[in-house]
Amino acid sequence: MAASSDRNPPPFPATEEPEPGLPDMADGDSDEGEDIFVSNSNPVSVSRGVSQPDRVNDEPPDLFGEEEEAGSTTAKSNGVHSDDDNDLFAEAHVELSTDKSGSSARKDLSASSGPRPASTFTQSPAAMQPTSLEQLEEEEAKDSFDVDVAVTNPEKVGDGMNAYVAYKVSTRTSLTMFRSKTFSVRRRFSDFLGLYEKLSVKQSLHGCIIPLPPEKSVVGMTKVKVGMDDPSSVEFVERRRAALERYLQRVVSHPSLLQDPDVREFLERDDLPRAVNTQALSGAGFLKMINKASDAVNKMTIKMNESDTWFEDKFQEVETEDQQLRKLHAVVDSLVNHRKELCGNTAVFAKSMAMLGNSEDNTALSRALSQLAEVEDKMEQLHQEQAASDFFIFAELLADYIRLLGAVRGCFDQRMRAWQRWQEAQSTLQKKREAEAKLLWANKPEKLQQAKEEITEWEARVTQYERDFDRIGMTVRKEVLRFEKEKAKDFKSQIIKYLEAMLQSQQRLVKFWEAFLPEAKAIA
Amino acid sequence: MMEEVKEVVSALSVHGHNIKIPEVVTDGDTLTFLVVSQKLSGTGEYHVYRTWDDFEWLQQHLFSQEDVPGIQGIIFPPLPAKAHVNPSAKVMKQLGFLGLGEWQPYCKALETFLQQVATHKILSKNKAVEVFLTSSDAPGRQKVKKNIFNRLSQAVEEMRKEGHKDVDEFFQSERDHNLVLTGCSKTAAEKFLDVVLTEQKVAVACGHFSAALHLCVEAGEDPDKKAFSRLCVKISEVFDSMKKNVTSVAENNMKTLGLGLDLESRYQEAEREMLFRRTCKLVELENAKRNAEKAKPVKKAVMEEVKTATETEFQQICGVSKQEISRFQGVRVKMLQQALVQWCEKQLLTAKESADQFNQHLQAFRGMA
């Protein structure tokens, strides 16, 4: 992502100032009527579910009327912002927003950029126009997508073990195939799974890398059914919400998937028939399905004679990459855990200092120690945010890609199957021809007619299957290339978010220390 | 080699406030410390090598000055526990902060001990101090005779005396206050140690991530692959920076506030010991008074003498104690202030440096095609 100031930005409509008071989807249920998507982002901005590079360069990248207060479940690109972390790790972080407005170079950006460190941190006024290499390329390629989706407002519906969580799925688009420009529906988790189920069996989408929704979790959901208020439930719901959002964003940024009627129905239709057969789509189910792909390749009796080694090589790369990502994920997990531990320890330490301060006779020392306790409290918050950053920015990114690699293997698998079908059809055709030859010899006219018909039928099939195979091959190639581009973009935009968050943390830390120093010196 | 050192009153020939321990040498399992002190005459320095056993020798000599009136009222500067090159888990736990940072905090703690001893009006007059600081030979290793200062030898019944009600409001209040502070400071030091140890774990995890990212770098001409590889390398650099940052933060914590809290906690403990000694004397005095009263005429004179002697000792202890307490209050506030200021300054610097680094990384990423 180039720094926005480097680009010649295409002219954009007047940038709106994000008002903090704007309807934000976290509050109750803002209806379609209201402007759910408050942002300065150009409506033609690409909804790159995978990587939202625009978000980084735009002013409040908050597409969907984001607020700064805690408990906000407003959507973010990739749901990877510390705002989410407010839900995640603690209650109201009012402090955050005030600190944020103090952040450097935040100029006109109001507090609605809020606790989102990802918002352009070092942005200069010149960069106020949302510009991005993305958009430029998009205009040029005439490949622009005009769809943005957000998943927000998780709400528990019902009681007891039959309860479930319903999410608000909001869409903003300028495409005419949708019924209106902005609309939203409520969906539950199984609906998302159902969407994937429908897409994955479509012949027309074979060869495509179809994004995977997050896994089911019996443990997580059971807790939520009991009550949504405890921290681990909050964390679970937020994590799931963010994952569902990323999932949908990836779906709508895929040109073929966007055209699919099931996708449209998912986004638009008020009453979606409940998805069945989602039992199979548990975490274990996904894994099994993905491993089947590799097995299928290994077990093939008739080895494919690849015209070029591209497919073999790529497949191997995917396998290697899967291992690497898994290792990275494990390491990040460990980092996240240590940071959480650090949070806990810092909080305990802060308390012990407070007690020491209280017991102290010397006034100045007592005050300094109490201030120290407060500084440590603030640091605890920082650690929490950092842990959340680590988690949402890296851990979930890696987890997403591990799943996506599974989808990649899946489409290689589909190509294999297409090849097999073709081969089998050819061999069946061969048998039919042999049968016909026999019949000719045996001189049985009635049966001969049937045999000829069957041959014609199978010839057509062979042709069809060969075409299918070729088509899938091309699709797979295209998809893999697109995937790799997206991956690089995604990682890049995520690391930028991360750095912005880190930078902001450090700057706040600097302020804490600067405030404390005079207190320490004042001890007589 | 000095023999049995008598507590000859003598002045120290070196400055006390700037004694330094700049080096520690490992020799097998023993740690040897280089002690540097400045001659009062301004003509140079003394460089001597001492082990922990030598420090203990010094301490024992200080404890055993029975001829010094009111010696029991002195708050003896605390000596850190013995450290080995490869300390056991138990010893590490006991040492706390002093076991970290490659013995740097430990050296500082020993330094402080010597400085406090050498600047103490009464203690610095003990010849053992001069010998310790200036003699090129190692001080004698003979075990000094057992003294009442070895708290570990005190029986459980003795411990009960700690709660004995005082006759003096000043001291009762000081005892109560000290009890609270001892607990609080010990807890604070322990909790801070937890923080620092966890910070070290975070640093290690960052390092692992950085290393693992390097494994993702692949050769090849594919432009997308190259782009991704470049990304991985740069992300790896970021996490390397983060590792350095967290390591710095932990070090700063360790060497300033950690050390400060550790010292405060041990000093409070030392005050507690002193107050306990006084309380024991009080109990002894009250017993002596009772005995004198109840004594039969035959024994009465003797008992009265004992009572008078004990009374004198007690008064001496109280006198010294009051001075010590007042001095102690001043010293500890100053030390804590120093620790806090240093801590804050170091962390501020580290935070600024980190911010700069992150900013640089950020700009680099933004500039990447």
Side-chain angles (χ1 to χ4, degrees), chain A residues 1-3 6 56 121-122 133 317 320-321 324-325 327-328 331-332 334-335 338-339 341-342 345-346 348-349 351-353 355-356 359-362 364-365 368-369 372 394 481 484-485 487-488 491-492 495-496 498-500 502-503 506-507 509-510 512-514 516-517 519-521 523-524, chain B residues 177 180-181 184-185 187-188 190-192 194-195 197-199 201-202 204-206 208-209 211-213 215-216 218 222 224-225 227-228 231-232 234-235 238 242 245 257 261 329 333-334 336-337 340-341 343-345 347-348 351-352 354-359 361-363 365-369:
Chain A
M1 260 6 283
D6 293 342
V56 176
F121 190 80
T122 51
L133 183 52
E317 280 174 19
T320 314
E321 190 162 342
Q324 289 168 345
L325 289 186
K327 171 117 202 278
L328 286 175
V331 174
V332 171
S334 149
L335 176 60
H338 288 315
R339 281 231 216 258
E341 200 188 324
L342 188 55
N345 289 342
T346 309
V348 169
F349 173 61
K351 282 202 182 68
S352 73
M353 284 316 284
M355 276 184 63
L356 191 57
S359 315
E360 181 57 54
D361 266 346
N362 182 306
L365 182 58
L369 292 175
L372 199 169
F394 277 115
L481 289 175
E484 287 180 345
K485 279 202 168 56
K487 185 180 75 177
F491 272 72
K492 181 172 173 189
I495 184 72
I496 286 179
Y498 190 73
L499 280 172
E500 288 174 340
M502 287 293 122
L503 185 52
Q506 290 302 311
Q507 306 233 336
L509 205 50
V510 165
F512 295 158
W513 292 122
E514 283 175 344
F516 181 70
L517 191 55
E519 292 289 337
K521 289 192 165 153
I523 304 168
Chain B
H177 195 234
V180 171
L181 278 181
C184 284
S185 57
T187 306
E190 283 172 1
K191 299 309 171 197
F192 199 49
D194 287 339
V195 169
L197 291 175
T198 312
E199 282 169 346
K201 284 191 213 162
V202 169
V204 167
C206 288
H208 283 162
F209 193 49
L213 277 165
L215 296 176
C216 294
E218 288 165 40
D222 188 311
D224 287 322
K225 277 250 165 303
F228 191 67
L231 263 183
C232 285
K234 291 212 76 58
I235 297 179
V238 169
M242 279 181 57
N245 164 253
L257 186 58
L261 287 174
Q329 293 305 338
V333 170
K334 209 168 114 219
L336 277 173
Q337 192 220 26
L340 287 172
V341 170
W343 180 60
C344 186
E345 286 175 344
Q347 295 293 32
L348 179 55
K352 282 185 175 161
S354 285
D356 268 336
Q357 275 226 303
F358 286 141
N359 199 21
H361 284 297
L362 184 57
Q363 297 313 318
F365 270 101
R366 287 209 174 124
M368 265 174 94

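Within every chain, numbering begins at 1; the chains are lettered A, B, ... in the order of the sequence lines, protein sequences first and strands thereafter. Predicted model only: the values in this text are computed from it and were never measured.
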Would you find a donor on one side and an acceptor on the other, under 3.5 Å apart, between the side chain of [X] and the backbone of [Y]?
X	Y	value
Glu519(A)	Ala368(A)	no
His177(B)	Ser359(A)	yes
Gln324(A)	Leu215(B)	yes
Gln506(A)	Lys352(B)	no

[X] versus chain A, heavy atoms under 4.5 Å apart: side chain, backbone, both or neither?
X	answer
Val341(B)	both
Lys225(B)	side chain
Leu348(B)	both
Val195(B)	both

Using a cut-off of under 4.5 Å for heavy-atom pairs, which of [options] has the most such pairs with chain B?
options	answer
Leu328(A), Thr346(A), Leu481(A), Val332(A)	Leu328(A)
Lys351(A), Lys485(A), Glu321(A)	Lys485(A)
Glu514(A), Met355(A), Glu341(A)	Glu341(A)
Val510(A), Leu325(A), Thr320(A)	Val510(A)

Candidate pair Val204(B) and Lys201(B), rule side-chain contact (heavy atoms from CB on, under 4.5 Å), full reasoning: CA-CA 5 Å; Val204(B) 167; Lys201(B) 284 191 213 162; 5.6 Å; no

Is Leu369(A) close to chain B through its backbone or its side chain, or both, or neither, when contacts mean heavy atoms under 4.5 Å? side chain

Please classify the contact of Ile495(A) with chain B as side chain, backbone, both or neither, using a heavy-atom distance under 4.5 Å. side chain

Validation row: Glu345(B), Lys521(A) side chains within 4.5 angstrom (heavy atoms): yes

His208(B) NE2: over 12 foreign heavy atoms closer than 6.0 Å: no

Quick one: of [options], who has the most non-hydrogen atom pairs under 4.5 Å with chain A?
options	answer
Asp356(B), Leu261(B), Thr187(B)	Leu261(B)
Leu257(B), Leu231(B), Asn245(B)	Leu231(B)
Cys216(B), Ala205(B), Cys232(B)	Cys216(B)

Reported NE2-to-OG1 distance for the pair His338(A) and Thr198(B), which is rounded to 0.5 angstrom: 8.5 Å

Can you tell me how far apart CZ (Arg339(A)) and OG (Ser334(A)) are? Round to the nearest 0.5 Å. 11.0 Å

